[in-house]
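Contents: one structure, followed by commentary.
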Amino acid sequence: MRVEYINPFVEASYNILKEVLSSEVVRGELYLKSSSTPVLGVAALVGLAGDVEGRVLFDMTKATAIGIASIMNGEKLNAMDELAKATIQELANMITAQAVTKLHDLGFKFDLTPPALFTGENMEVSSSQVEALIVPMKLSCGKIEINVAIRERS
Amino acid sequence: MSSAAESLVLDRPDQDQKEGGERVNPVDFKMVTFSLGGKDYGIDIMTIKEIAKFSNFTYVPNSFPYVRGVYNLRGDIISILDLRILFHLPVPPNDSDIENGLILRLEENVIGIVVDSIDKVIGISSRDIQPPHPIFGDINIKYISGVVENSGRLYLILNAESICSKEETARRSDAAVPARTQLPAAETYSSAPGYVEAPAGGGGAEPEMDFIRDTLKTFRGFYVTPLNDAWFSKRFGEWKDLRQRKSAELQLKSAGDADDYLESFYSADTGKFWSDNLAAQYLRILGDASGKIINVWNIGCGKGYEAYSLAGVLSRKYPGSMIKLWANDNDLIAISTAPNLLFNDEDIPEYLSPYVVMGKNGSSFQTDFKNKIFFEYHDALHPSSLPDLDFIFVRDVISFLNHENQVTIFSQFHEKLKPTGVLILGDNEQPLDSSAWKLVPNSRSAYKKS
């Protein structure tokens, strides 16, 4: 993945998470992972198109997702209901959109698709022929792994 | 066996007449059938002493690959051949130590053969045996005495004597030829992914060398393989002198010692812009451009000095072509400064000076020049979506991968490189499989596909 793309995603994730959760967020060590990625339980996916092709996946456990949704909505949610799902999708949208805006300022043109949410046990995501950058984020209510896979359109 | 079969053929007309011209062929030939690599074979039962299950072969060093070893058969020592290896057939995995086999009694001696599985004994008429067709591919024709059909299956009848005589000649030539030369070194390495850093040549006999191999791996992740073995052995000689003069210990005690040992390994101008002299050397190696777009892969670009130098050389060599250079490193900290590299104007060699612009914080490269290079945070062992490449530039990177990954990455290079493409390794590196690559004339470490 191009070096120029990395920072916008890291910064956007950090800024948005810190803002919406209004608590301390710690970024973990970045690393690369190839193709197959197990999903923790709740995954929000935003597709990228334009100069590049790829996707951003926000991966977290169900408990973390409910925790985030509760804080963002200002009320205690107990299950992964419609409201919680919509909240997680919105979070994914906010982070990706801010990253894409930053990239646009640097001269890279990206479009993004509406977020899709996947929930379930023992899921796995495979993107063939592209490796993913993993940005781990530690939050007060658990951890989110932001999994960015982008490749140049050939 | 063949003489017995012939005499039966001669007798046959009389037999037929006695049976009043009936079309039923008499059963006069019995064979034990077995399978090798999924196909059916038979051996004349008269040559078979017994059917056996072998375990605990005693390995015989320096024997041919198809000689499994010797075996103690109730006090008699017999040698055991693996027919599948002799005939180049696939050997199915066998978890147990027990192998199916036959013990053959031949004119001169008794030998054992290993087969996949024993089927049964079948009786046929020697009249039904047809001579082997000369175009039989999978087994050398001299081992086959005939082909026969029985209940819908075709059996190749093996000539036990000729298999044994093969063993005899093999033994004789084995004694004459030194064991090391039987397999070319490259073949041994490429066929053994689990290759441990065992010395191949006679020079590796010194135990200190093995120790240094191990410590280089531990301290600096440097793997001594055929890729860099030539340098390693040469350096060992220098190192011995050096340490003796300093009256220091030969062994590497720390990461610092490992760095000292590796000092002469690194290619010229590592971690800085190439000198005009080095750039001119690479300029000479580059051939004519094959197209309008030149795709280049630079692995281990670090802070980007190498990538910019390379882009400068390529721009000079191919002014009319579009250069696309993918510069990768898996060190995020190093590569993250690469796209906006700043430097002092006096550090810039002459061949790069046309692309420099002055800024308030220092000199940098022009945007057009920078746009030729895509700096990517990428692990070269992961899949990538690169197009077919004209050049792969990977100096002093592969030596820091383990042997298995080295094999993987070389096969990836072979796949990605265009037929006219050039692979450039570090000054002290050479391809693992020397048969797949050939050195570009007048170059030190540039290779084309052979």
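Just so it is clear, the values below take in all heavy atoms, side chains as well, and ignore hydrogens, waters and symmetry mates. Chain A is the first sequence line, chain B the second, and so forth, proteins listed ahead of strands; every chain is numbered from 1.
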Measure from the ring center of A:Phe108 to the ring center of A:Tyr5 and say whether it is less than 6.0 Å. yes
What residue in A:Leu32, A:Leu30, A:Leu133 has the most heavy-atom pairs under 4.5 Å with chain B? A:Leu32
Measuring heavy-atom distances to chain A, does B:Ile333 have an atom under 4.5 Å in its side chain, in its backbone, in both, or in neither? neither
Measure across B:Gly302 and B:Ala338 and return the closest heavy-atom pair with its distance rounded to 0.1 Å. O-CB, 4.4 Å
is_close_aromatic(B:Tyr305, B:Phe273), centroid dist under 6.0 Å: yes
What part of B:Leu332 is in contact with chain A, defined as an atom under 4.5 angstrom from a non-hydrogen atom: side chain, backbone, both or neither? side chain
Specify whether B:Trp297 and B:Phe413 have parallel, tilted or perpendicular ring planes, treating 30° as the upper limit for parallel and 60° as the lower limit for perpendicular. perpendicular
